[in-house]
Amino acid sequence: MPDDPFLSLVNEALPRLQGQFATLPLTGANPEGLDAMQAVLADVAVRMGDNYPYFHPLYAGQMMKPPHPIARAAYAMGMWLNPNNHSLDGGRASSRFEVEAVAEIASMFGWTGHLGHLTGGGTVANLEALWVAGKLRPGKRVVASAQAHYTHSRISAVLGLEFSAVGVDGRGRMDAEALEHQLRSQEIGTVVVTLGTTGIGAVDPLDQILKLREKYDFRIHVDAAYGGYFKLLTGLPAGGLSGGATRAFDCIGEADSIVVDPHKHGLQPYGCGCVLFHDPGVGHFYKHDSPYTYFSSAELHLGEITLECSRPGAAAVALWATQRLLPLAAGGEFAESLGRCRQAALQLYDRLRSDTRFVVAFEPELDILVWGVKAASVEEASRRAQSIFDEAARRDLHLALVQLPLNLFPSDSWPDASPGGTMTCLRSVLMKPEHLDWVDRIWGILSEAAKDALV
Ligand SMILES: *Cc1c(COP(=O)(O)O)cnc(C)c1O
């Protein structure tokens with residue numbers, strides 16, 4: 001196997017960083033016990049083999065995307081110092097990287113005077129957004145679509161806020177009429193609008209929900225943890241997004257807060273979410289007076305606007321470096337690679353829907369595909385999905401399974417389908433740009449696997 005290019009990148013750049021500390025007196029601390037470490041690492045290498053090959057295009061199951069080599073290299077360099085972005089003392093350079101990288105994400109959504117920071121992931125980012133929402137709309141309910149991430153109901157429980165789900169349309173998007181019905185009958189403080197649901201990639205109709213905001217007073221929090229970067233594809237004539245998704249992403253800047261996960265589609269290692277608030281004034285909710293926080297300058301310090309205290313400065317270093325190399329620009333290289341993911345999903349969709357063994361409910365909105373299996377009953381269809389999943393895995397093609405409501409499919413898809421029921425379906429997240437070159441191979445294996453599973 002060839003050397004990993006990111007290791008040589010780090011080896012070349014690290015002396016430049018180390019050289020800046022060369023005037024310090026030597027500590028004499030040469031690393032000892034290298035042999036013992038080598039042995040431990042050999043064990044680690046063996047045990048880490050017990051994983052699915054997430055980096056490979058034949059892994060087309062869950063929402064997993066390998067970090068870009070620049071992100072891995074920059075993260076590793078950041079780790080040489082291990083800065084802590086809780087305070088400027090803990091990470092002066094990496095705090096600046098964070099402020100700049102977050103501003104670039106905000107400007108992708110059309111924001112300039114925002115407040116925002118990185119978090120451990122989408123969960124904490126959403127928690128902060130709903131925490132602020134709860135402060136501004138005390139005692140009022142949070143709602144999200146029935147296809148929204150389960151984290152919203154759990155976070156609401158943590159924050160002591162009432163939560164309820166809003167029904168979805170035939171494509172799994174929040175039903176604006178169902179939302180209005182709830183707005184009329186309940187005190188709703190915050191509507192969580194998901195632009196790209198985790199399960200099926202549905203894009204809620206933000207444009208319609210904004211119209212309702214003119215009539216009813218509520219906050220809009222956009223959960224774009226997975227889908228946020230697709231904003232960059234809205235202007236494309238071909239290979240862009242559908243009309244509905246384009247309309248939703250086009251008005252994302254009208255939201256009160258936005259969450260996006262650089263560790264999902266932003267090519268970052270895990271541990272990198274981002275929360276943004278349109279009104280920087282909400283920063284006062286974070287205010288604290290900790291005797292432990294050290295103030296080394298009058299500059300803004302990220303520890304004052306985050307709920308998490310210690311945070312990895314290396315994550316900010318990696319994100320900044322990635323955005324420097326691949327700016328978040330429509331028509332740029334990053335956007336182009338995102339477009340390839342979507343193209344891959346559309347191509348596999350075409351194969352699936354022209355094959356009578358499968359039932360595909362709708363065209364993918366982003367790069368997630370879900371499909372059911374034809375059978376004489378719902379129960380049999382669920383069993384078949386499981387067998388195809390197993391047969392594909394035996395052939396090194398890794399898909400995912402998802403439990404879906406039957407009303408996402410045409411009502412005559414299975415003889416005993418009842419609108420309230422659910423079934424096991426197959427799911428594939430085609431979020432690596434290389435997937436586009438692998439659609440034929442993926443389809444070939446899937447088709448073979450289905451042949452063997454359905455005998
Ligand atoms: C992934 C995801 C989350 C949770 O984020 P983590 O980074 O896994 O903590 C929340 N909402 C949506 C829409 C997601 O896709």
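When a ligand or atom number is given, it counts from 1 through the structure's own listing order. Given the structure is predicted, the values throughout are model-derived calculations rather than measurements. Because only heavy atoms are used, hydrogens play no part in the values below, and waters and symmetry mates are left out as well, while side chains stay in.
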At under 4.0 Å between heavy atoms, what of V124 touches ligand 1? The answer is neither
What part of D261, side chain from CB on, backbone N/CA/C/O, both or neither, has a heavy atom under 4.0 Å from ligand 1?
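Only the side chain of D261 comes within reach of ligand 1.
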Out of curiosity, K264 NZ to M63 CE, how far, rounded to the nearest 0.5 Å?
5.5 Å
Which atoms from ligand 1 have a heavy atom of [X] less than 4.0 Å away?
X	value
H263	7 (O)
Y226	15 (O)
T123	4 (C), 5 (O), 6 (P), 9 (O)
D223	10 (C), 11 (N), 12 (C), 13 (C)
G122	5 (O), 6 (P), 7 (O), 9 (O)

N/O to N/O below 3.5 Å, does that happen between K264 and ligand 1?
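Yes.
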Please confirm whether T151 comes within less than 3.5 Å of ligand 1 when only nitrogen or oxygen atoms on both sides are compared.
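In this structure, T151 places no N or O atom under 3.5 Å from an N or O of ligand 1.
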Heavy-atom nearest neighbour in the protein, as seen from atom 3 (C) of ligand 1, with distance rounded to 0.1 Å
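Nearest neighbour among protein heavy atoms for atom 3 (C) of ligand 1, to 0.1 Å: H149 CD2, 3.3 Å.
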Per the side chain to side chain donor-acceptor pair (under 3.5 Å) rule, what does the pair list look like for residues 224-233, sequence neighbours excluded?
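Every side chain to side chain donor-acceptor pair (under 3.5 Å) pair that includes a residue of residues 224-233, provided the two are not neighbours, is Y226-D367.
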Relative to each other, are the rings of Y286 and H117 parallel, tilted or perpendicular (30° and 60° limits)?
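Perpendicular, since the angle between the ring planes exceeds 60°.
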Assess the pair H398 and Y54: is the distance between their ring centroids shorter than 6.0 Å?
no
Answer with yes or no after comparing the ring centroid distance for W414 and F409 against a 6.0 Å cut-off, counting only values under it.
yes
With sequence neighbours excluded, tell me which residues meet side-chain hydrogen bond (donor to acceptor under 3.5 Å, both in side chains) with R395.
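By the side-chain hydrogen bond (donor to acceptor under 3.5 Å, both in side chains) rule, R395 matches E391, D452.
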Specify the closest pair of heavy atoms between L397 and I442, including all atoms of both residues, with the distance to one decimal.
CD2-O, 3.7 Å
